[in-house]
**Student:** 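Below is the structure I would like to discuss, written out as structure tokens.
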Amino acid sequence: MTGSFRVGVVGAGYVGLATGACLAHIGHKVACVDRDEERVRGLVSGVMPFYEPGLEELISRGLRGGRLSFAGLAGLGGLVAEADVIFIAVDTPQGEDGSADLSSVTAVAGEIGRALAEPEARARERPLIVANKSTVPVGGGDYLSVSIREGAGGGGGGGFLVVSNPEFLREGSAIYDSLFPDRIVVGSDSRQALDAMRALYEPVIEQSFPTELDPRPKVAVPFVTTDLVSAEMIKYAANAFLATKVSFINEVANLCELTGADVLEVGYGIGLDERIGPRFLNAGVGWGGSCLPKDIAALRAVAGEHETPLLDATVAVNERQRERVILKLEQALHSLRGKRVALLGLSFKPNTDDLREAASLEIASALDSLGASAVGYDPVAGKAAAKRLPSLEVVFDPYEALAGAHAAVVVTEWEEMRGLDLGRAAALMQEPRALVDGRNAIDPAAALGAGLLYRGFGRG
Ligand code: NAD
């Protein structure tokens with residue numbers, strides 16, 4: 001297979017939409033289906049279901065150019081009959097026991113199986129490639145094959161090949177990461193499927209597509225082909241490593257506080273070592289979001305009886321960082337009862353409105369239970385936060401959040417927080433005007449100079 005592919009994407013979430021929009025952008029004909037009909041209706045009329053920079057523009061170009069379309073689940077049957085590749089990009093949230101909840105993946109696999117058994121799909125000339133982007137436990141690819149077969153009534157219908165194609169994009173830069181990835185990983189037992197995936201990704205691998213984005217120097221993107229289970233393990237191991245790196249620097253930050261060292265200097269100094277690298281060495285309130293917490297929980301669940309001391313410590317350090325926010329507030333305010341605390345930034349990281357496992361929600365709940373009132377501001381996640389946490393007062397201007405607050409916490413390092421007018425903040429707040437900088441995003445000297453009681457993480 002070469003040239004333009006017919007592609008289906010099941011699941012129009014962060015991963016599915018970025019994947020679909022980018023594959024359309026590089027020249028394929030893409031149809032995204034989702035069971036959420038309201039979401040589909042919105043997408044057809046240009047309404048994005050969440051905030052992701054650059055997504056709306058790319059989707060509208062795809063729609064205008066006729067290379068991108070959206071449909072409800074009813075559209076899946078036609079795709080199974082006609083598409084070269086169908087991506088699965090549905091959610092795999094954390095189940096009650098920590099393991100990945102595969103019910104959405106199972107449902108999609110069943111639907112694909114049923115459609116494969118229909119006469120239109122039986123007439124296919126080539127097997128359908130089912131490429132899984134949802135993060136599933138190691139062995140999930142085999143489970144997917146079994147579920148498709150079951151859906152097809154025990155056979156393979158028109159024939160299919162399963163591929164694991166783990167996704168590494170970051171919310172907030174999903175489009176950039178899809179077009180300029182560090183690597184593409186594809187796992188399958190079928191050479192035919194691996195070759196087809198390489199041909200599909202050719203424009204990304206060769207960086208030969210048109211773009212106005214600021215691209216990296218044009219070097220070929222590594223295309224890693226491996227077996228199914230290794231591809232699945234690469235995804236989990238990558239996320240576990242990233243979380244461990246953050247917990248590591250947080251542990252160092254806590255030692256910096258004991259010794260007077262500055263973790264920013266330390267992070268810079270160690271990050272220049274190519275074996276370590278500078279990224280993910282930012283101390284603060286720790287990691288959150290839709291991926292790291294659940295993927296680490298799933299990896300620990302897979303381990304079962306086997307011990308995972310490093311992962312356990314990674315999680316424990318992260319939980320402690322949230323507690324350290326409260327501790328720093330208590331040190332500054334003595335008692336939190338009756339105090340007003342502004343939370344600056346609510347999403348789990350900048351440039352997204354995603355609140356899944358966001359530190360802000362945990363901190364707001366803790367403040368509520370300690371008798372403090374929390375008022376939150378976020379450039380895009382405010383409305384969603386108000387729905388999630390009724391005890392949190394949400395305002396739509398950072399200075400409104402700061403007005404009358406005894407303390408403020410920088411929870412998410414949006415550019416807006418970095419550029420805060422500290423003098424105005426201090427004038428609006430009331431004693432002791434504590435600023436807990438949960439992302440080390442503010443210059444301590446400037447904050448102290450403005451009259452704020454600055455408390456960073458590991459800043460000596
Ligand atoms: P999401 O919750 O944003 O979107 C999932 C979409 O799938 C929703 O629109 C939902 O309606 C749809 N869906 C669920 N079940 C369906 C079904 N049976 N049929 C059709 N549509 C269905 O999820 P996401 O954040 O895009 O994550 C998808 C997968 O990718 C997860 O496994 C996640 O771990 C993984 N992942 C996510 C990211 C990320 O940054 N969000 C990064 C890498 C990998």
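Both counts, for ligands and for their atoms, begin at 1 and track the order of listing. Predicted, not measured: the structure shown is a model, and the values here were computed from it. Numbering of residues begins at 1 and proceeds along the displayed sequence.
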**Student:** What residue and heavy atom of the protein are closest to atom 13 (N) of ligand 1, and at what distance?
**Tutor:**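 Of the protein heavy atoms, Val90 CG1, 3.6 Å lies nearest.
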
**Student:** May I ask you to list the atoms of ligand 1 that are less than 4.0 angstrom from any heavy atom of Ser134?
**Tutor:**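 Under 4.0 Å from Ser134, ligand 1 has these atoms: 29 (C), 32 (O).
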
**Student:** Answer side chain, backbone, both or neither: which part of Glu111 comes under 4.0 Å from ligand 1, heavy atoms only.
**Tutor:**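 Near ligand 1, Glu111 shows nothing, with every heavy atom at 4.0 Å or more.
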
**Student:** Hey, is ligand 1 close enough to Asp295 that some N/O pair sits below 3.5 Å?
**Tutor:**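 Such a contact does not occur with ligand 1.
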
**Student:** Return yes when Arg170 approaches ligand 1 closer than 4.0 angstrom through a heavy atom, no otherwise.
**Tutor:**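 Checking ligand 1 against Arg170, which is what was asked, there is no heavy-atom contact under 4.0 Å.
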
**Student:** What atoms in ligand 1 come closer than 4.0 Å to a heavy atom of Thr92?
**Tutor:**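 Matching atoms, with element in brackets: 31 (C), 32 (O), 34 (O).
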
**Student:** Ser104 heavy atoms, cut-off 4.0 Å: which ligand 1 atoms fall inside?
**Tutor:**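 Listed by number with element, the hits are 14 (C), 15 (N), 18 (N).
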
**Student:** Using non-hydrogen atoms of the residue, decide whether Lys294 is closer than 4.0 angstrom to ligand 1.
**Tutor:**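 Distance cut 4.0 Å: Lys294 passes for ligand 1.
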
**Student:** At a 4.0 Å threshold, what atoms of ligand 1 neighbour a non-hydrogen atom of Gly11?
**Tutor:**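 With Gly11 as reference, the close atoms of ligand 1 come out as 6 (C), 7 (O), 12 (C).
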
**Student:** Contact between Arg356 and ligand 1, counting heavy atoms under 4.0 Å?
**Tutor:**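 For ligand 1, residue contact (heavy atoms, under 4.0 Å) with Arg356 is present.
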
**Student:** Does Lys235, backbone or side chain, put an N or O under 3.5 Å from an N or O of ligand 1?
**Tutor:**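 For ligand 1, there is no N or O atom that lies under 3.5 Å from one belonging to Lys235.
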
**Student:** Is it the case that ligand 1 has an N or O less than 3.5 angstrom from some N or O of Asp36?
**Tutor:**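 No; every N/O pair is 3.5 Å or more apart.
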
**Student:** Parallel, tilted or perpendicular: which one describes the rings of Phe5 and His28, with boundaries at 30° and 60°?
**Tutor:**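 Ring orientation, 0 to 90° scale: perpendicular.
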
**Student:** Counting each atom of ligand 1 from 1 as listed, which ones have a heavy atom of Glu167 under 4.0 Å away?
**Tutor:**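 That gives atoms 43 (C), 44 (C) of ligand 1.
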
**Student:** Val15 to ligand 1: N or O pair under 3.5 Å?
**Tutor:**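 Yes, at least one N or O pair falls under 3.5 Å.
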
**Student:** Taking 4.0 Å as the limit for heavy-atom contacts, which would you say applies to Ala12 with ligand 1: side chain only, backbone only, both, or neither?
**Tutor:**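 For Ala12, the contact with ligand 1 is made by the backbone alone.
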
